[in-house]
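Data first, discussion second: the structure below is written as structure tokens.
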Number of protein chains: 4
Amino acid sequence: MTTEAQPSDLYYGDYLQLGRLLGAQAPLSRRQGSEAHDEMLFIIVHQTYELWFRQILHELDAVLQAFSAARLDERRLASICAKLERISVIQHLLVEQISVIETMAPQDFLEFRDLLVPASGFQSLQFRAIEIKLGLREQDRTAFSACAFYQRFKPADARYLRALHTEPSLFDQVDAWLARMPFLQDKHYDFWSSYRNSIEASLSADQQLIKTHPQLSADDKERQLAQLTQTRQQFDCLFLPEAYESQRTQGLVRLSHRAIQAALFIYLYRDEPLLQQPFGLLKLLVEVDEQLTAWRYRHALMVQRMLGRRIGTGGSSGHDYLRTSAERTQIFGDFFNLASYLLPRSKLAPLPAELTRLLDFHFSTLHRDA
Amino acid sequence: MTTEAQPSDLYYGDYLQLGRLLGAQAPLSRRQGSEAHDEMLFIIVHQTYELWFRQILHELDAVLQAFSAARLDERRLASICAKLERISVIQHLLVEQISVIETMAPQDFLEFRDLLVPASGFQSLQFRAIEIKLGLREQDRTAFSACAFYQRFKPADARYLRALHTEPSLFDQVDAWLARMPFLQDKHYDFWSSYRNSIEASLSADQQLIKTHPQLSADDKERQLAQLTQTRQQFDCLFLPEAYESQRTQGLVRLSHRAIQAALFIYLYRDEPLLQQPFGLLKLLVEVDEQLTAWRYRHALMVQRMLGRRIGTGGSSGHDYLRTSAERTQIFGDFFNLASYLLPRSKLAPLPAELTRLLDFHFSTLHRDA
Amino acid sequence: MTTEAQPSDLYYGDYLQLGRLLGAQAPLSRRQGSEAHDEMLFIIVHQTYELWFRQILHELDAVLQAFSAARLDERRLASICAKLERISVIQHLLVEQISVIETMAPQDFLEFRDLLVPASGFQSLQFRAIEIKLGLREQDRTAFSACAFYQRFKPADARYLRALHTEPSLFDQVDAWLARMPFLQDKHYDFWSSYRNSIEASLSADQQLIKTHPQLSADDKERQLAQLTQTRQQFDCLFLPEAYESQRTQGLVRLSHRAIQAALFIYLYRDEPLLQQPFGLLKLLVEVDEQLTAWRYRHALMVQRMLGRRIGTGGSSGHDYLRTSAERTQIFGDFFNLASYLLPRSKLAPLPAELTRLLDFHFSTLHRDA
Amino acid sequence: MTTEAQPSDLYYGDYLQLGRLLGAQAPLSRRQGSEAHDEMLFIIVHQTYELWFRQILHELDAVLQAFSAARLDERRLASICAKLERISVIQHLLVEQISVIETMAPQDFLEFRDLLVPASGFQSLQFRAIEIKLGLREQDRTAFSACAFYQRFKPADARYLRALHTEPSLFDQVDAWLARMPFLQDKHYDFWSSYRNSIEASLSADQQLIKTHPQLSADDKERQLAQLTQTRQQFDCLFLPEAYESQRTQGLVRLSHRAIQAALFIYLYRDEPLLQQPFGLLKLLVEVDEQLTAWRYRHALMVQRMLGRRIGTGGSSGHDYLRTSAERTQIFGDFFNLASYLLPRSKLAPLPAELTRLLDFHFSTLHRDA
């Protein structure tokens, strides 16, 4: 923005509606006649959170819209990644922001805390919308029955949140996009059997090594072979469609079987030019999820510091609830766990030449054509 | 540092022993003939961690020594606080540093991971020493029997750690310092009964309010009275020495009864000039503890991202162990929980004038005297 | 905040006036029919800045009020320091926040930039108020005549800023508080002559060392003696009242002569219990100033990245202006520069016993009395 | 890393050579019989800096090697970007790390400062190597003659640095890579004339608007037309090869004319799939440069705080030197300034269809083929 105000010109404060913005802080303690100095901080901290949530939703909605096209135009992947990266940078700020609240001593909070009951950050509609749009499901809120959850909101807000749950989330859209990923199979190549063979070979080699190792004691061998069996079972859950579906039913994995195959393909062959952007996308989902969890956790510690184990008006310690919920609400956990199934490049079957060519592009090639 | 090297002069690189320092990175993958680019990062990240741990121990040892004096010279409180604050600033950096490791993709880690087995960050002797010197006890390592814990170290290192556990930790020293805090009682004043009276009055007023509230339904009243009973029981555990000791035996609180009284006195009357520095000390202990927990937690997420749920050579998922241990190892949790027992200033009994005078100092007074 | 919404109860969104807050983002590009996605970010970033400025002013006003008492109640120093520390933590966030703007590519900014002319962040009234209340004077804005500066604001806003300049700033108040500091002189002790003697002794010893050093060449001796002369002149400017006033007239120093003496006393004897809090105050002023400068600098780099050297509508490059202004506007620079005049403890004259006693307090002493 | 130490097994401390690493801190003050507590911090801070510099050089060398191939394999762009991003994340940590040094009070530094003369951080060979490998030239060190610069190093180190200056830097390599970028011209399309036409059209439209604007006074028109002339001259310097070379000779721009055209092409058409990665690369160069400058600036402020304007043994204030050098040493400034020449998408000439096709790739297309 640049300079020189003239009577009729656009003015910084008008553009930003600062009159409205800076008139929206009304400490309850002031209205009650004895203002608690720190209530202003409490209000400003929550208001800046809400402004950032608005921005995150702005980005998230654009991402969801891009994914909702009948067929995602892959040209838009870079733009989607830029938006997710912006969300991640904002989240980093939100975690840092907890340090600002922590400049408030518990006793200073007590000066106005009782005035706020029963309002609660729990009721942040935008935060709930972010969770849901990312992919949090009703059943993921283990600390609450759905009913108890919605009761804490105004009826219109509860309806809004319920409705959100019926729309496809980012998780759903990414799952569908992965599931329709090409490349995994054609008449000459089948990624899934190729990968499975590599894994089998690797596990068999390990088994042979243990059995014939001259320095291992019988006990050691037994123990290590038992571990190998466990690892093999873990892979069976990935390879056998029924076993995979059974895990999915139990909530141990969430991605569809087809989607997890595509995700693994991307992780394993991410050096291929055409897979670099998709790999970037999956990495950003993990980062957004990790930051959300980090924020929940830091937030829970801050609440403990501010409130101790004080029994809330709801009969439970806010801190325990928050900490537990930080544990449970990973959305893109399947991508975190992909690391379990990777192979070092040296043990990875090379792609067939024709596929490599398809996944590649060269300026130099183009240059010759152009 | 300033300028102009002359032949025989002190030289930056010599002072810092850079030859030694920068010659201490020997990637195993290089020795095996095919260097994995990212192993250097892995080494440097862990080496910088260890250098910072060395600095933290340098500060911690100075703090412990100051506390170990037969009688802590209170002149040194500012110096102790400065050291704890430095530790906290370093810890903030250690948490940030996790972002650097996260620039390594899981598959790049796989290129050299198997070479490192069975070495583990678990074996960082300095990190263990920090934990123990702060106050972590053997029984706090719930994921392990003490025996299983020590087995992972070289015998000499295990002996060193066992010996550390027999020395007074910072927790112990702070407890003792609080327990001998003056002011809490003299012939005219007894803080503990005064505080207890204020709490009783406050709870009774709440009870009266609920019972006579015209807008509460019978159900509401019943529920709220039940909560009040819970709160009262919580305070009983604080007030009744037997109840308190029983909680302590169960590991629910750790501070001695006398120490928690002094800590509450400091939290409640921290505006008094002589209590400002002690309050600052307790706040810093909470911060150091919070940052340690935050680091453990971010670290556990990073491990999940890097290793997934891969079954480790020890037969258990590293991630699950780390996450659980982040939960369990709060050392100064009692100070976090002090917030449960605070009163707003308006409900706080004023200190007797004579005590206020003792706790106060004024430049202006001095000025008149001087 | 805690839980359970009931019809008539306080609700999170109402308390924070979220309707008002989240309805105050009106991208101009949207009104013009083709919304630029990133204008929302631009608005939100500036709005959160303004909310934080509001909070900083809230703290700053409380600090100014505490200082404005006919005589500062030193009991309030801890509370003043807590407020300055909070400002510093917020500033750290404001610097971090620049990373969020930097997720906007220059070309995306171009999509709506022309719509904003001539509005400018320059016109942030709150930012200007913070500068002025901290102590920035009209003559410190070297890039502008005062007239050109005020012209960019609406007349009422310009009047408001002019009026602010007539009120005592934090710099003024701190100067006055230091100038009336006791301890510096009584019938038995004169800090200023004691300090001056120590400096003289130290410089003479250095001179002797150079002159008699067996390994220094004649050239080296000459050069080092010339430097010593320069150092001596620097101290003369501090010791000789006329020389000091002349420097002050030229704008090379800003503190009154009496105040800089008190500040030095605090820096030198900060281990004394009664000086710990005053030392903390001066340190925080330096931190607040440093963060303000750091923010200006990062901001200037960001503007260069966003606009290049594009000639603004005001005929000058925004970036060059901003970078220059980052250089010139240190407010508490005198405290930064105090480091020039320090002495190591070993060369410091001990305080007379009676003064040490006055500056000290001991729990242990009190214990015996109590 | 995982678990279970056995006698002959790899051990964490051995792998990291901790014996060597943690034995490399030898405070001079300790050797002189009275250890200054904070000298350890001073050593550790500089040692961690040096370890991170080692890592940055590890990444930078890999990047330089990738660029040094006769023809850069564009498959490696993602890997190059990942390395630059890692450098940027490390730099962010290096800036944060300044907060750790700032926990040392100036007077505590004085306790050991004189022992270090004339060693200086100035002599960090690795830092100098990073500067040079990025592209800093001898003539960019405006504060020194080359001779004075090298004199401060041991002869062998000076020779090493001189030799580094003769090798192609990252700046050089990026310039060459841009200069050979295809796409800019073929028989049907010429980017440079197309871009120039768009700029001409835009400037003419602005001129027409000013001349015929009903609300502008004659004065306003004159002033705004003068500005337009200035802008036009700025573009002439870009368009006219002689004017551009003349600017280059004066050091106002550094990129070759061909390279700046390619860079502009990338900035303007970065939405094209094949340009997304190159755009990412240029953005990272700007980030690395910005962080380097930010670090220099924060560092200069810290030095002022620690040393004031104390006259160094070299006869000049360290702080002034550092601050000036922060101003002068932007390496990739031309990319910052590219923003000056951008056009909004709406005023941008569309690419010819054939070129768009070349720059594009679609999974969907591939899908049909596969």
Side-chain angles (χ1 to χ4, degrees), chain C residues 34 36 92 99 102 105-114 223-224 226-228 230-231 234 267-268 270 279 283 286-287 290 293-294 297-298 301-302 304-315 317 319 323 326-327 330 333 335-348, chain D residues 34 36 92 99 102 105-114 223-224 226-228 230-231 234 267-268 270 279 283 286-287 290 293-294 297-298 301-302 304-315 317 319 323 326-327 330 333 335-348:
Chain C
S34 111
H92 191 263
S99 320
E102 289 181 342
Q107 213 183 357
D108 291 325
F109 181 36
L110 273 193
E111 298 294 319
F112 60 93
R113 175 179 174 268
D114 285 350
R223 193 172 42 75
Q224 294 193 16
Q227 285 167 17
L228 201 68
Q230 261 187 294
T231 304
Q234 211 180 5
Y267 264 60
L268 289 167
R270 72 192 164 89
F279 178 71
K283 210 174 120 191
V286 164
E287 258 171 50
E290 181 169 331
T293 311
Y297 195 72
R298 278 288 310 271
L301 280 177
M302 181 273 293
Q304 180 189 6
R305 194 166 157 173
M306 210 62 92
L307 293 179
R309 293 195 179 127
R310 196 174 277 263
I311 292 170
T313 50
S317 142
H319 164 67
R323 188 179 279 208
E327 289 306 290
Q330 232 177 12
F335 296 114
F336 280 83
N337 294 330
L338 274 185
S340 324
Y341 306 117
L342 298 183
L343 278 169
R345 283 185 188 79
S346 54
K347 296 191 176 166
L348 202 57
Chain D
S34 112
H92 192 263
S99 320
E102 289 180 343
Q107 213 182 357
D108 291 324
F109 181 37
L110 272 192
E111 297 295 318
F112 59 95
R113 174 179 175 269
D114 285 350
R223 193 173 41 76
Q224 294 195 15
Q227 285 168 16
L228 201 66
Q230 261 187 293
T231 303
Q234 210 180 6
Y267 264 60
L268 289 168
R270 71 189 165 89
F279 179 72
K283 209 173 122 192
V286 164
E287 257 170 51
E290 181 169 334
T293 311
Y297 196 72
R298 278 288 309 273
L301 281 176
M302 181 272 293
Q304 181 188 7
R305 194 166 157 174
M306 211 62 91
L307 293 179
R309 292 192 180 128
R310 194 175 279 261
I311 291 171
T313 51
S317 143
H319 163 66
R323 187 178 280 208
E327 288 307 291
Q330 234 177 11
F335 297 113
F336 280 84
N337 294 329
L338 274 185
S340 324
Y341 306 117
L342 298 183
L343 278 169
R345 284 186 188 78
S346 54
K347 294 190 176 166
L348 202 58

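Applying the side-chain hydrogen bond (donor to acceptor under 3.5 Å, both in side chains) criterion to D:Glu290, with sequence neighbours excluded, gives C:Arg305. Residues passing the ring pair (Phe, Tyr, Trp, His ring centres under 6.0 Å) test with C:Phe112, sequence neighbours excluded: C:Phe42, C:Phe109.
By number of non-hydrogen pairs under 4.5 angstrom with chain C, the leading residue of D:Met302, D:His92, D:Arg270, D:Lys347 is D:Arg270. Interface summary for chain C: among D:Arg345, D:Arg298, D:Glu287, the most heavy-atom pairs under 4.5 angstrom belong to D:Arg345.
Between C:Tyr297 and D:Tyr297, the angle of the ring planes stays under 30°, which puts this pair in the parallel group of the 30/60° scheme.
Residue contact with chain C, scored on non-hydrogen atoms closer than 4.5 Å, involves the side chain of D:Leu348 exclusively.
For the pair D:Glu102/D:Leu301, no side-chain contact is recorded, criterion being any heavy-atom separation below 4.5 Å from C-beta on.
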